[in-house]
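These notes concern the structure reproduced below.
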Amino acid sequence: MTSDTTTLTTPASFSELGLITPLLARLVELEYQQPTPIQAQAIPSVLAGRDLIAGANTGSGKTATFALPMLQYLAQVKDTGKSVNKNKGNYVSGLILVPTRELAKQVADSIKSYAAHFNGEIKTVAVFGGVSANTQMLALRGGTDILVATPGRLLDLISSNAIKLDKVNTLVLDEADRMLSLGFTEELTALLALLPKNKQTLLFSATFPEQVKALTEKLLNNAIEIQLQSSDASTLVQRVFTVNKGEKTAVLAHLIIQHSWRQALIFVNAKNSCNHLAEKLLKRGITAEVFHGDKGQGARSRVLDGFKNGEIEVLIATDIAARGLDIEKLPVVINFDLPRSPSDYMHRIGRSGRAGEVGLALSLIDHEDYHHFKVIEKKHKIWLDREQVEGFEVDNDAIETLLTAEKPMAAPEGTGKKKRKKKPPSINADIWLNSPDD
Ligand code: AMP
């Protein structure tokens, strides 16, 4: 990959980006007053057909960044009277790969919304696991202009000849670092082998760990690189509370009751922890729903819809909710368990403070989490004051343990040797070994 990182003057309006009238009219209806920085910088290059690797904060408008140029390309090709693909049947022109079912649906819904002024001429279909493949096969009859897919289900549909990838014009990897991680390697390799060589490739994520960045080079050709992460510009406030071991649930319940947040999204690390925590909160008078990969797809959709429309106030989830989900004006995300990888920290907290809204991200750490949180801070170059929750002050012995773990240990008297500082528990930085959710 060669890449440009030229500083571009940021266009102030969507019309300056070169978008066509049906899209501009829709953006007015959606009350998008001006392009977000990633949209302003990336859309002209994507319209020009360039490959792109884009890193920008969660909630910064990445979907429109790839969706608007894709729609414009398809509309223009159709306008010229040329069929986008001569061999109709089971073609796809724009392929967007995403890591979770919910994100597939959300991205497809956004694209359909952006396409509202094309009078149904541009077809968008979402395919993902956990639901009947037959309905999706029917939807794919006659092909589709845009397909949003999770990799496993897409491979199944390809093997039943419901869709072919040889006419793909644009490939998007949304949450690209996750798509390129170990959990998806096999599926992604199989899919990439079916795609034509001369396509446009667009990679988007809020985080690009170094190991993943090396992989991206093989996928891109003369790509533009745009990195826009900026913690200064963030409207998301991050706070961390030190709590005594065994008191996290009590502290969480206290914070929820004290702050009366309209909604809260709480992350834990295991599916059964979701249910345990929900039961414990219920005993403290707080009703919470759970969202994890062991729930059936119907239940997953119901819970997510309920949370998105505000009927569910407290949601406890695993990391399947960490990626891409757009929950309007979500006031707070709470890390009850710290995420295993520093990248997931960013994705989790990015569910709040989206699209310029004010947001809050809280992490509860007991002494076992202390070093792990430092790794996360170091990775993201943040340093947060350790706060305590009134009424749940951490006992002095525990604080002492934390602080001594911080300082290099003094050499034991008489030995002349320095005592080795205890190594913090290693965490699996940025590599997902778990199998994908879908
Ligand atoms: P995304 O990062 O694509 O998930 O977008 C996050 C949220 O920002 C979504 O609710 C979008 O509808 C919204 N959004 C995207 N672009 C703009 C814009 N230019 N102005 C206002 N809101 C936007």
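As the structure lists them, so they are numbered: ligands from 1, and atoms in each ligand from 1.
Within the 4.5 Å cutoff, the side chain of L188 has heavy atoms near those of the L192 side chain. Considering only heavy atoms from C-beta on, T287 stays 4.5 Å or farther from V314 through its side chain. No side-chain heavy atom of P196 sits under 4.5 Å from any side-chain heavy atom of K167.
Nearest approach of D344 to P339, heavy atoms of both residues: CB-CB, 3.8 Å. Nearest heavy-atom pair, T124 versus K112, reported as atom, atom and distance to 0.1 Å: O-CE, 3.3 Å.
With ring centers used as reference points, F66 lies under 6.0 Å from F204.
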Quick check on ligand 1: any N or O pairs to the protein under 3.5 Å? One line per pair.
residue, atom, partner, partner atom, Å
ligand 1, 2 (O), S60, N, 3.4
ligand 1, 2 (O), G61, N, 2.9
ligand 1, 2 (O), K62, N, 3.3
ligand 1, 3 (O), K62, N, 3.2
ligand 1, 3 (O), T63, N, 2.9
ligand 1, 3 (O), T63, OG1, 2.7
ligand 1, 4 (O), R354, NH2, 2.7
ligand 1, 10 (O), D326, OD2, 2.5
ligand 1, 12 (O), Y32, OH, 2.4
ligand 1, 16 (N), Q39, NE2, 2.8
ligand 1, 19 (N), Q34, O, 2.9
ligand 1, 19 (N), Q39, OE1, 3.0

